[in-house]
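The structure appears below as structure tokens.
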Amino acid sequence: MTTAKTPADEAEARAIQDVLRHRVVLAEPGPPPGRGLVAGVDVAYDDARDLVAAAAVVLDAATLEVVEEATAVGRVSFPYVPGLLAFRELPTVLEALGALTAAPGLVVCDGYGLAHPRGFGLACHLGVVTGLPAIGVAKNPFTFTADEPGPRRGDATALRSADGTEVGRALRTQDGIKPVYVSVGHRVSLENACAHTLALSPRFRIPETTRHADSLCRRALGEAS
DNA sequence: GCGACAG
DNA sequence: ATCTTGTCGC
């Protein structure tokens, strides 16, 4: 089972990111959409009890049916700091991923990848640590900006940082519905990341992977003692 | 210097 | 993230 070191403070966390960021692989297109196994991960918190529950759900990319589920529960080990989300979420997420029998060809994260202050968001971190292709699909633009995409499912615009660099894409997954924000994590191209996101969202704004993981980790948190 | 800011 | 039932609509 994979583990993750918890930094002592924010400065150490940023230093870790600055080292690991060099291990991100961007030259691979990643697995083709609509085939193989795709995993979704998410976490839920109970600050009162200091608990965090993570879920990893594996779907058949062709049918979007659930193939396997795993959960893990732990103590909250790092506060929420914008830009350092991975240190709060990954320890428990990696534990859930490690409990899987199936080997997914792609992991979809609830958050960002390259769209990050130091170019090393949650999806990059998870990808580098596990070696698995990973992408980030976020519900908000964070500190980035994007023009409004066209109104139809599949319409997209560039998500840019303040200096104009394209760090991801605002992607409409349903007609007339607010877009999601896709960015590359590890070993997947941006084009392919968007294609995967669309393939995983045939009916709702949020990918089925994330929807399943979200409900599962909430359930696990509720059942935790 | 202050505020904003993925989940 | 989380606080939170019923209700409006397809």
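Worth saying up front: this structure is predicted, and the values here are computed from it rather than measured. Chain identifiers are assigned alphabetically (A, B, ...) following the order of the sequence lines, protein sequences preceding nucleic acid strands; residue numbering begins at 1 within each chain.
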| Using Watson-Crick pairs (N1 to N3, plus N6-O4 or O6-N4) and G-U wobble pairs, both distances under 3.5 Å, which stems of at least 3 pairs involve DNA chain B? | none
| Are the side chain of A:Thr92 and the backbone of A:Glu89 linked by a donor-acceptor contact shorter than 3.5 Å? | no
| request: Find the distance A:Leu85:CG to B:dA6:C1' and express it as a whole number of Å. | output: 6 Å
| Under 3.5 Å donor-acceptor, A:Thr197 side chain and A:Ala193 backbone | yes
| remark: Taken to the nearest whole Å, CZ/A:Phe87 to C1'/B:dG7 is 15 Å
| message | Distance check needed: B:dA6 C1' versus A:Leu122 CG, whole Å only. | response | 8 Å
| said: Looking at A:Arg14 and A:Glu10, is there a salt bridge between them, counting it only when a charged N and a carboxylate O are closer than 4.0 Å? | reply: yes
| field | Ring-ring centroid check A:Phe87 A:His125, cutoff 6.0 Å | value | yes
| Under 4.0 Å between a side-chain N or O of A:Asn140 and OP1 or OP2 of B:dG7? | yes
| message | Could you check whether any side-chain N or O of A:Ser183 sits under 3.5 Å from a backbone N or O of A:Gly113, counting only pairs where one atom can act as donor and the other as acceptor? | response | yes
| A:Asp60 side-chain N/O to A:Ala62 backbone N/O, donor-acceptor pair under 3.5 Å | yes
| request: May I ask you to decide whether A:Lys178 forms a salt bridge with A:Glu148, counting only side-chain N to carboxylate O separations under 4.0 Å? | output: no
| message | Please report the distance, rounded to the nearest Å, between CG in A:Leu84 and P in B:dC5. | response | 17 Å
| query | Does A:Arg88 count as lying over the ring of A:Tyr45, i.e. NZ or CZ under 6.0 Å from the six-ring centre, within 45 degrees of the axis? | reply | yes
| query | Is the closest basic N to carboxylate O distance between A:Asp175 and A:Arg153 below 4.0 Å? | reply | no
| query | Is A:Gly136 touching bases, backbone alone, or none of the nucleic acid, heavy atoms closer than 4.0 Å? | reply | nothing
| field | Euclidean distance, atom CZ of residue A:Phe204 to atom P of C:dG9 [Å, nearest integer] | value | 18 Å
| query | Do the side chain of A:Arg187 and the main chain of A:Gly131 share a donor and acceptor less than 3.5 angstrom apart? | reply | yes
| message | If you apply the rule side-chain contact (heavy atoms from CB on, under 4.5 Å), what do you find for A:Asp110 with A:Val137, and how did you get there? | response | CA-CA 5 Å; A:Asp110 194 14; A:Val137 181; over 6 Å; no
| message | If you compare every side-chain N and O of A:Arg218 against the phosphate oxygens of C:dA1 (OP1, OP2), does one of them come in below 4.0 Å? | response | yes
| request: Mind listing the residues from residues 39-58 of chain A sitting with a heavy atom below 4.0 Å of DNA chain C? Number order is fine. | output: A:Ala44, A:Tyr45
| field | A:Lys139 side chain, from C-beta outward: closest of C:dT2, B:dG7, B:dC5 | value | B:dG7
| Nearest-Å distance for atom pair CD/C1', residues A:Glu10 and B:dC5 | 13 Å
| note | In numerical order, the residues of residues 144-157 of chain A whose heavy atoms come under 4.0 Å of DNA chain C are none
| said: Using whole Å, what does the distance between atom P of nucleotide B:dA6 and atom CG of A:Asp110 come to? | reply: 12 Å
| field | Gap between atoms CZ and C1', on A:Arg88 and B:dC5 respectively (whole Å) | value | 15 Å
| said: Under 4.0 Å, counting only non-hydrogen atoms across every strand here, what does A:Leu221 touch: a base, just sugar-phosphate, or nothing? | reply: nothing
| Do A:Arg211's NZ or CZ and the ring of A:Phe204 fall within the cation-pi criteria of under 6.0 Å and 45°? | yes
